[in-house]
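Take a look at the structure below.
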Number of protein chains: 2
Amino acid sequence: MFDMEPEVLERFTLYMREQSALTVMFHARVAEQMGLSATDEKCLDLAMRAEGPLTAGRIAELSGLSTGAVTGVIDRLERAGYVRRVRDPHDRRKVLVEVAVGDVDKFGAPFEKARDSLVEVLGHFDDAELQVIERYLQLQNETFRKRVIDT
Amino acid sequence: MFDMEPEVLERFTLYMREQSALTVMFHARVAEQMGLSATDEKCLDLAMRAEGPLTAGRIAELSGLSTGAVTGVIDRLERAGYVRRVRDPHDRRKVLVEVAVGDVDKFGAPFEKARDSLVEVLGHFDDAELQVIERYLQLQNETFRKRVIDT
DNA sequence: TCGAACATCTTAGCGAGTAAGACAATTCCT
DNA sequence: AGGAATTGTCTTACTCGCTAAGATGTTCGA
């Protein structure tokens, strides 16, 4: 680790805080547009980003909600058509939450706009610069993930 | 706008989504450590990032909460010692919410760790690369801000 | 096979949110 | 200047989603 101009760190800290606040707002907007609460959208995001279907209990763990609360979340997501409850055939106590693939574009829509923004931003950089940015994003996520998880 | 390899965009989209999810989790952790709800922490963040003290009504606008809800938020923040209510001497209807400067480090602490992470990440780049990253963050925030606000 | 462990759902109670109106201070208009 | 309209915050009544604890149904191990 080498040392850095204090003003530089100061500026970057401000960027991060603004980014942070904007992200929280963005999530709120996405949820609103989808007719969901922030909690419901967060759980749906977990389900979408997972490899296979998640169980209700796993969603409770990942989201930090009680199992009872998750029951309600899945009820609302299912009623809105975003997910389906499927009993695990190998262990019928479990409830698998499958994302309703038929309507992927329904909740994909708000993210389309974010994608457009991303394209617009990245368009200002050449290949070499994009590599720097990519390396930064990877490192940032990795470091931040450790920080958030062990904190 | 020039076109870009689809896989590149794909990868960047994933970085953004992960960053997004991590940010939301991070905010939840910070709030938890401070003994506040996510909403209260969000409002405190608004108050801290503002130039001068904000009025209760302005916090309602910025946070998207009703004025009644903000009354509750300020009650809790004040009871916990994070802010003070001060009546505006020029317009005594208004309530100015001053951040309790004496205890800045109290709520600064969780952000210290984030700052450490940032230093660690930035330490992997030289000056030229940092300039690229800075330009990226500026553009990203600017674009995202427009997107979030007009959406 | 039976009891313990497990996964989810249900219930009761609570805290925080909204909408609407009360109250106090300020501004506007004549 | 003085009363009406406006503005800023707080209060009230009600709703909704959360937690904790227990109920229900399923699986596992001795």
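The sequence lines fix the lettering, A, B, ..., with proteins before strands; numbering per chain opens at 1. No hydrogens, no waters, no symmetry mates; every other heavy atom, side chains included, goes into these values.
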| field | Side-chain donor-acceptor contact under 3.5 Å, Gln140(A) with Tyr15(B) | value | no
Contacts under 3.5 angstrom, residues 53-65 of chain A side chains, donor-acceptor by atom type, not counting sequence neighbours:
{"unit_1": "Thr55(A)", "atom_1": "OG1", "unit_2": "Arg58(A)", "atom_2": "N", "d": "3.1"}
{"unit_1": "Arg58(A)", "atom_1": "NH1", "unit_2": "Glu61(A)", "atom_2": "OE1", "d": "2.7"}
{"unit_1": "Ser63(A)", "atom_1": "OG", "unit_2": "Ile59(A)", "atom_2": "O", "d": "2.7"}
{"unit_1": "Ser63(A)", "atom_1": "OG", "unit_2": "Ala60(A)", "atom_2": "O", "d": "3.4"}
{"unit_1": "Ser63(A)", "atom_1": "OG", "unit_2": "Leu65(A)", "atom_2": "N", "d": "3.3"}

Can you check the [X] [atom1] to [N] [atom2] distance for me, whole Å?
| X | N | atom1 | atom2 | result |
| --- | --- | --- | --- | --- |
| Lys94(B) | dT6(D) | NZ | P | 18 Å |
| Glu78(A) | dT8(C) | CD | P | 14 Å |
| Leu62(A) | dA7(C) | CG | C1' | 15 Å |
| Ile59(B) | dT9(D) | CD1 | P | 9 Å |

Cationic N near anionic O, under 4.0 Å, [X] to [Y]:
| X | Y | result |
| --- | --- | --- |
| Arg145(A) | Glu18(B) | yes |
| Asp45(A) | Arg49(A) | yes |
| Arg29(A) | Glu41(A) | no |

| task | List the protein contact pattern of nucleotides 10-28 of chain D with one symbol per nucleotide (5' to 3'): B for base contact, S for sugar-phosphate-only contact, - for none; contact means a heavy-atom distance under 4.0 Å. | result | BB-----SSB-----BBS-
| field | Partner set under side chain to side chain contact (heavy atoms under 4.5 Å, CB included) for Glu7(A), not counting sequence neighbours | value | Glu5(A), Arg11(A)
